[in-house]
Amino acid sequence: MVSRRELLSGAAVGVAGVCAGCLGNDSTISASIFNDELVKDRLTGDGELSNTREQLLADIVAGGLTDGLTEETEHFTGPPMLYQDALYDVVYWQTDQRECYQFEAVPAADTIDGEQTPFDELPEADRRVLEPHRWRFGDESGSLDGLVAYEENRVFESELVGNQTQEVVLIGGAPYRFEFTTTNPDSYIFVGQRVASSVSEYRHQLVDEHQFELSGLSEAEREIFEDAIDGGTSGNSDNDALTSLVERFKEYETAIGDDWITRWRGTIYYVSIIYDSHW
């Protein structure tokens with residue numbers, strides 16, 4: 001199972017590794033106040049979806065989509081997608097060497113606590129495939145359906161597939177009975193996993209996960225960072241202050257790509273560094 005976040009995380013690690021010590025002849029650092037508008041404009045998928053892509057995303061969020069990796073679906077392998085005010089990672093399984101199923105989950109209000117299996121106590125094989133759907137379950141959800149893909153050598157571990165006893169699972173605070181039906185998608189299953197219910201919530205998540213305090217700057221480094229806030233500053237490898245400032249950032253994990261989130265003098269900034277170098 002691959003998510004958009006994992007793709008971006010892998011790219012960030014790769015870039016950080018390649019760029020260690022490689023400040024080029026004309027590298028640029030810029031800093032912008034980190035607010036909802038910036039998140040929406042720069043850290044989410046295209047806000048202007050075509051009708052086709054919007055319908056595809058609606059199907060993905062509603063329970064899953066089977067398709068090849070086309071130009072349309074490749075569009076979703078980037079930052080979280082904004083759809084009806086919430087943000088979604090698109091998780092996908094390549095269906096080769098996997099057992100694929102369509103599930104139906106029906107509320108089981110007639111059961112008592114002792115007859116229910118909490119989601120976290122299910123076998124790992126079941127938890128892994130249902131986790132992207134987990135946000136959809138709850139007291140007000142009603143019946144749900146969706147697509148999942150088990151690894152061929154793990155499906156035998158499932159307590160849900162082929163379960164004739166209709167085991168009741170407590171998921172999202174509500175009990176459900178699951179029924180699985182075999183399906184045969186062409187090559188991929190795409191599922192929408194909610195990242196945040198709003199742009200503001202996503203911004204706070206990024207701050208909590210990636211923010212660090214920028215402090216102890218020399219006078220020359222402070223001047224460079226202030227220029228970066230005013231619209232960006234560039235320099236070369238002979239500029240010791242720029243080099244040392246960039247090295248400070250590289251001590252911390254990037255948020256996305258070559259971008260960091262830092263707090264400086266009480267304000268949170270989104271900082272981008274563009275390296276002019278031959279990798």
Side-chain angles (χ1 to χ4, degrees), residues 3-48 75-82 87 89 195-196 198-279:
S3 73
R4 296 154 62 87
R5 244 183 208 190
E6 289 169 334
L7 286 170
L8 290 168
S9 175
V13 170
V15 168
V18 170
C19 289
C22 70
L23 188 64
N25 292 328
D26 190 17
S27 300
T28 302
I29 178 171
S30 62
S32 304
I33 293 177
F34 193 50
N35 54 27
D36 287 358
E37 183 179 359
L38 182 146
V39 171
K40 186 174 180 179
D41 289 346
R42 296 176 58 183
L43 303 185
T44 65
D46 289 349
E48 298 298 326
H75 177 80
F76 300 134
T77 58
M81 299 296 299
L82 183 62
L87 287 103
D89 263 345
V195 175
S198 66
V199 170
S200 182
E201 181 181 326
Y202 183 51
R203 174 173 58 83
H204 285 293
Q205 286 180 13
L206 291 172
V207 169
D208 290 342
E209 293 173 11
H210 299 289
Q211 174 193 275
F212 65 92
E213 190 79 23
L214 185 63
S215 61
L217 300 185
S218 68
E219 182 177 351
E221 289 172 334
R222 285 198 302 272
E223 290 179 358
I224 289 172
F225 193 71
E226 288 171 354
D227 287 343
I229 294 170
D230 289 338
T233 185
S234 61
N236 56 49
S237 55
D238 294 328
N239 186 329
D240 292 340
L242 177 61
T243 300
S244 63
L245 180 59
V246 171
E247 291 298 328
R248 284 181 182 272
F249 279 92
K250 285 171 14 187
E251 292 175 2
Y252 298 91
E253 179 184 357
T254 57
I256 295 176
D258 277 335
D259 299 336
W260 287 260
I261 297 171
T262 188
R263 180 185 293 273
W264 190 66
R265 292 184 173 178
T267 300
I268 299 174
Y269 293 96
Y270 189 76
V271 179
S272 299
I273 298 175
I274 300 174
Y275 301 90
D276 176 20
S277 57
H278 300 289
W279 298 351

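Position 1 is the first residue of the sequence, and the numbers go up from there. Since this is a predicted model, take the numbers as computed values, not measurements.
Between the CG atom in Leu242 and the CD atom in Glu221 there is a gap of 9.5 Å [rounded to 0.5 Å]. Once rounded to the nearest 0.5 Å, the distance linking NZ of Lys40 with CG of Asn35 reads 12.0 Å. If you take CG on Asp259 and OG on Ser30, they are separated by 8.0 Å, rounding to the nearest 0.5 Å. Summarising the geometry, atom OG belonging to Ser244 is positioned 7.0 Å from atom CD1 belonging to Ile224; distances are rounded to the nearest 0.5 Å.
Looking only at atom types and distance, the side chain of Gln211 has no donor-acceptor partner in the side chain of Thr262 under 3.5 Å away.
Contact check for Leu38 versus Ile33: no side-chain heavy atoms found under the 4.5 Å cut-off. Contact annotation: the side chain of Ile261 approaches that of Leu206 to within less than 4.5 Å [non-hydrogen atoms, C-beta and beyond]. Counting heavy atoms from C-beta outward, Gln205 and Val195 have side chains that approach closer than 4.5 Å.
Taking the six-membered ring for Trp, Tyr252 and Trp260 have ring centres at least 6.0 Å apart.
The neighbour count for Glu213 CD, taken as heavy atoms of other residues, nucleotides or ligands under 6.0 Å away, is above 12. The environment of CD in Glu37 is sparse: at most 12 heavy-atom neighbours from other residues, nucleotides or ligands sit within 6.0 Å.
Below 30°, between 30° and 60°, or above 60°: for Tyr269 and Phe225 the angle between ring planes is above 60°, a perpendicular geometry.
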Leu217/Arg248 under side-chain contact (heavy atoms from CB on, under 4.5 Å): CA gap, chis, key distance, verdict: CA-CA 9 Å; Leu217 300 185; Arg248 284 181 182 272; 3.5 Å; yes
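Of all heavy-atom pairs spanning Ala228 and Ile29, the tightest one is CB-O, 3.5 Å. For the pair Val271 and Ala31, the tightest heavy-atom approach, listed with the atom from each and the gap, is CG2-CB, 4.0 Å. Nearest heavy-atom pair across Arg203 and Val39 is CB-CG2, 3.8 Å.
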